[in-house]
Amino acid sequence: MLNKKSNKFTLVDMAVVLIVIAAISFFFSRMGSLLDYKWEWDLIPGYFIFKDPVTGTFHSNMLLTGFFTTIRLSFWATVLGFLLGTISGMMGAKGSFSQRFASRLYVETIRNIPSLVLVILFYYFVSSQFLDALRLDLWLRNQSDTVQGAVGFFLAGPERINAFVSAVLALAIYEGAYISEIVRGGINGIDQGQWEAAWSVGLSHFNTFLRVILPQAFRRVAFPLAGQFISTIKDSAIVSVISIQELTFQGMELMAATFLTFEIWITIAILYFILTFSLSRMVAILEKKFSWQQ
């Protein structure tokens, strides 16, 4: 019988909190005295939202725009990476020899290439060769303002759509390789008796896999997959090298223009932490509430 975790706030917990507070205080103190750094935190809110002096309306500024771009980029990369990784994982677990070989080749190749190199290759090859040939940006420019606004809300505007799509594809392929291994492990972890039981009641090999094995596999790997999706958010920062205006890129632009080095990067770190920590807590709550482990 499992023991319940204690929620008591102990002396050790208090010591850890005090050490963290002391470390943060020491950091700010040293930056102020050693580097003679003048903190200007009052300027940071203006980089989230600003008021148009002519119309009097409020608009999102660079940090908020970058934050939402990071969310859009991570969402689409996660969706495509999940589809690609699931297909590759199924091929690697129960496919034919050629399918297993293709899956293994994909996983081993992508996992042994730095993500930064992959993003740059996709930007200069996929975007410049294929997406430019498709004239996706030209098609979007010829659409109505309503269509451009909708595509801009979910993806990107005409001026950045090609780079955005190539970044999504690069991230999806990179994350898909790791998702593939998670899915493959989940399928191979199902006991052989499950297959035999399904066959004994007349299910075909395909229906057994689709209706019996795959649902059980996804139940086992649901939370590792969630962890990989959270990792996608952090990995999205690498696309700043191809000028995708996500959070990291906007931070570099602001730092170069304002020289508010510490304020900008601390704010960006907090924004990434809020996004990833909130998702990780949601996953932890769901794991506790819908625990499928025996």
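Index from 1, following the sequence. These values consider heavy atoms only, across backbone and side chains, with no hydrogens, waters or symmetry-generated copies.
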Can any side-chain N or O of T69 pair as donor or acceptor with the backbone N or O of T65 at less than 3.5 Å? yes

**Item:** Main-chain N/O of I71 paired to S74 side chain as donor or acceptor, under 3.5 Å
**Value:** no

Given the rule that I, L, V, M, F, W and Y join up when any side-chain heavy atoms are under 4.5 Å apart, are Y106 and L171 in one cluster?
yes

- Taking everything shown except D42 itself, do over 12 heavy atoms lie less than 6.0 Å from its CG? yes

Practice task
Compare all side-chain heavy atoms of R72 with those of F164 and state whether any distance is below 4.5 angstrom.
Solution key: yes

Please check if the side chain of E181 supplies one atom and the backbone of A177 the other of a donor-acceptor pair under 3.5 Å.
no

Between Y123 and I120, is any pair of side-chain heavy atoms under 4.5 Å apart?
-> no

Quiz item: Given side chains that start at C-beta, do those of I238 and Y174 come closer than 4.5 Å, heavy atoms only?
Solution: no

Q. Hey, are S180 and S88 close enough side-chain-wise for a donor-acceptor pair under 3.5 Å?
A. yes

Rounded to the nearest 0.5 angstrom, the CD1-CG distance for I268 and L63 is 6.0 Å

Residues at least two apart in sequence or cross-chain that pass ring-ring contact (aromatic ring centres under 6.0 Å, His included) with F50, listed by chain then number, are H59

With sequence neighbours left out, the residues meeting ring-ring contact (aromatic ring centres under 6.0 Å, His included) with F58 are none

Here the gap from I233 atom CD1 to T70 atom OG1, rounded to the nearest 0.5 Å, amounts to 9.0 Å

N/O donor-acceptor pair under 3.5 Å between Q148 side chain and L140 backbone:
yes

Residue pairs meeting side chain to side chain donor-acceptor pair (under 3.5 Å), one or both in residues 160-171, sequence neighbours left out, come to D132-N162

Using a 6.0 Å cut-off, check whether atom CZ of R141 has over 12 heavy atoms from anything other than its own residue.
yes

Query raised in the report: Would a distance-only check, ignoring hydrogens and angles, find a side-chain to backbone donor-acceptor pair under 3.5 Å from W76 to V165?
Result: no

inquiry  = Using modelled atom types and a 3.5 Å cut-off, is there a donor and acceptor pairing between side-chain atoms of N61 and backbone atoms of G46?
reply    = yes

Given the options I179, I230, T78, L225 meets side chain to side chain contact (heavy atoms under 4.5 Å, CB included) only with I179

Does the Q228 side chain pair with the main chain of S231, one donor and one acceptor, at a distance under 3.5 Å?
no

Practice prompt. Return yes if some donor-acceptor pair links the side-chain N/O of Y178 with the main-chain N/O of G85 below 3.5 Å, else return no.
Written response: no

message: Same cluster or not: L105 versus I173, using hydrophobic residues (I, L, V, M, F, W, Y) connected whenever any side-chain heavy atoms lie under 4.5 Å apart?
response: no

Worksheet item: Hey, is the main chain of F277 close enough, under 3.5 Å, to the side chain of S280 for a donor-acceptor pair?
Response: yes

